[in-house]
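All remarks here apply to the structure that follows.
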There are 2 protein chains.
Amino acid sequence: MLMNVTLRQLQAFRQVAEQASFSKAAERIGLSQPALSATIRKLEETLGVRVFDRTTRQVLLTPEGEELLRLATRMVDEFEAVAGDLQDYLARRRGRVVVAALPTAAAVILPPMIARYRADNPGIDIRMHDGLHGAILEQVRSGAADFGITVEPQDTDEFRFERLLADRMVLVCRPDHPLAGRTAVTWAEMAEHPTVAMSRTTSVRQSMETACAQAGVTIHPLYEASHLATIGGLVGAGTGVAALPSLSLPLLRFAGLASVPLESPVMERGIGIVRRIGRSASVAARGLLAMLALHREPSEADGQGSDGVEVH
Amino acid sequence: MLMNVTLRQLQAFRQVAEQASFSKAAERIGLSQPALSATIRKLEETLGVRVFDRTTRQVLLTPEGEELLRLATRMVDEFEAVAGDLQDYLARRRGRVVVAALPTAAAVILPPMIARYRADNPGIDIRMHDGLHGAILEQVRSGAADFGITVEPQDTDEFRFERLLADRMVLVCRPDHPLAGRTAVTWAEMAEHPTVAMSRTTSVRQSMETACAQAGVTIHPLYEASHLATIGGLVGAGTGVAALPSLSLPLLRFAGLASVPLESPVMERGIGIVRRIGRSASVAARGLLAMLALHREPSEADGQGSDGVEVH
DNA sequence: ATCGATTAATCACCAATGCTTATGAATGTG
DNA sequence: CACATTCATAAGCATTGGTGATTAATCGAT
């Protein structure tokens, strides 16, 4: 009964009360005067009370009108505040994005984008979870992360993948190393040199193992490390060479190392955005996704597709 | 833009979010499922965001949906509280009535009605202002009083009068007074006896003066008092007789006095309800007005009219 | 008094909204 | 693989909400 009262009506009512005139209020609201009359009449019908005593010369509130005005004011103010919040949220002035990403992606790709996104949308809280592939998928699945940045997942029923760039395994060595000048090196060749590697739990190490298996060679690392920087230090000290994804090279720049693409087999994995199918992205997330799409590097056999990230 | 969001929509949204199902929510709301779908679609259109990710098997909130749910909940709760207040007000469970009345009316007519009204509507605050005719009109004019109880005002443009009962001037004396047994007494006869009277500012006194002037006699009261009880005491003590409105007799019952109608001229004034024209009565006031109308005493030349108070 | 200006109510008419029933498409379940 | 469930869509209809034109009332100024 009373629940049928509309915000429109309350606003109209408030305006009429404030202007003490139907015509003026109608003009201010952007409505014809008859329409406003009808609106108020309707309001009065649903309330069962006259809210204005009106003649052609004056419009003034009845006692119930007074009461209603207090309530309507409270109501409309409340709504406007709430609407403002939502407005902010939708306009990306408030909100949060959670990105789950592989450590290298988290370190190399995201920081500049995040910095820029942050500058554009100061109200948005960006959170980054770096983790391994499995953990990333889990977070995306559960919704704990808005999207992930990792390699392509197998499960195409649950995830949609959008490739951003290629990450190829390369050999890393000192600039004075015999292999340093080469345009390419095979895994078999690499196996003949002392090697350092990431620990077995990492996907980088697993890529290396896969490649070696395919090449029919075995590598026994002299050292294993779980941090990339350690690998960099070891290689820089001449302890050995390492097979690393090209994406991680920027992180090793400090060590002044050389890199050479590895082949036979070429180990290349596509790094991209992983999203949960059937779950739409938040407005805030969309902004970051769009930004990522712009920075996507044109890769082989990808030129014909659409240019932007599917924003659903 | 955002202002077009409807309470219906918010409520529907809330219900769907709660039930995690369109069908269940539709049933609970009392709406067909397609109607509910349309409602949500409309909401999404005006917001420009999808609020539910829905398949035929599951319905769950998007990030914006989560946000909206918080706001919608707040909004709807607020409204329900406010609507409850108004509901109370309209149902006369809250409110206030201010009555301005002549002292005698305030003392004689109103108390029983107020007591009963109070019992029926415990939430309503009743306030009574007793004052003289002019003050009553002023309060009714300004809106300080919802209505007045007094004699008929001259100004028929501004006030509407509704007669409740007749108030006739009677002579009040001790039961053993020579005039006590009479069926009527003229003002001239009264003038031959020692008299006490109300002070000059009261309308009772003015009525007396008017009557004496018409009768061509003059009365010099032995005593003047501004309180009715004082007059009662004086008359009871045998100091003199007094001319008082019949309405005040109940107040003098304590003194055990006799009364005799005064004539030549008959001074009778109609006491009734005075309302401001063009100003509608509050719901709370209407209740009291209706009650007054019921207790109205059938007076001469009034039998053919409508029985209830015009409630407008 | 009468005229003109102002203002709210009313009317006739049209567009848009909201609802219902019937139907279709998708997706788990036995 | 049929079945049941569930949301979306379609078609038809009543209601609502809107506009412009007109009317009635009232105030102020001739």
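A note on names: the letters A, B, ... follow the listed sequences, proteins ahead of strands, and every chain is numbered from 1.
B/Glu44 and B/Arg54 are joined by a salt bridge, as a carboxylate oxygen and a charged side-chain nitrogen come within less than 4.0 angstrom of each other.
Nearer to the 5' terminus of DNA chain C, by closest-nucleotide assignment, is the contact made by A/Lys24 (compared with the other of A/Lys24 and B/Pro34). Along DNA chain D, the nucleotide nearest to A/Thr6 and the one nearest to A/Arg57 differ in position, and the one closer to the 5' end is contacted by A/Thr6.
What separates CZ of B/Phe22 from P of D/dT5 is a distance of 19 Å, to the nearest Å. When rounded to the nearest whole Å, the span between CD of B/Gln19 and P of D/dT5 equals 18 Å. Put simply, CD on B/Gln33 is 13 Å from C1' on D/dA10, counting in whole angstrom units. Rounded to an integer number of Å, the gap from CZ of A/Arg41 to C1' of C/dA9 is 8 Å. Atom P of nucleotide C/dG18 and atom CG of B/Leu7 are separated by 14 Å, given to the nearest angstrom. The interatomic distance linking B/Leu36 (CG) with C/dT21 (C1') rounds to 16 Å, in whole Å. Rounded to whole Å, atom C1' of D/dT6 lies 15 Å from atom CD1 of B/Ile40. Computed from coordinates, the A/Phe13 CZ to C/dA8 P distance equals 15 Å when rounded to whole Å.
The closest donor-acceptor contact from the side chain of B/Asp155 to the backbone of B/Glu158 lies under 3.5 Å. B/Thr6 places no side-chain N or O within 3.5 Å of a backbone atom of B/Gln9 that could act as its donor or acceptor partner.
Within the 4.0 angstrom heavy-atom criterion, only backbone atoms of the sugar-phosphate kind lie near B/Arg54; the bases stay farther away. At the heavy-atom level, B/Ala35 lies under 4.0 Å from base atoms of the strands shown.
An OP1 or OP2 oxygen of D/dC7 is reached within less than 4.0 angstrom by a side-chain nitrogen or oxygen of B/Ser21. For the pair A/Thr56 and C/dT6, the criterion of a side-chain N or O lying under 4.0 Å from OP1 or OP2 is not met. OP1 or OP2 of C/dT17 has not a single side-chain nitrogen or oxygen of B/Arg8 nearer than 4.0 Å. Taking side-chain N and O atoms only, B/Ser32 has a distance below 4.0 Å to OP1 or OP2 of C/dT20. An OP1 or OP2 oxygen of C/dC19 is reached within less than 4.0 angstrom by a side-chain nitrogen or oxygen of B/Thr39.
Using cut-offs of 30° and 60° on the angle between ring planes, the pair A/Phe52 and A/Phe13 is tilted.
Around CZ of B/Arg141, the count of heavy atoms belonging to other residues, nucleotides or ligands within 6.0 Å exceeds 12.
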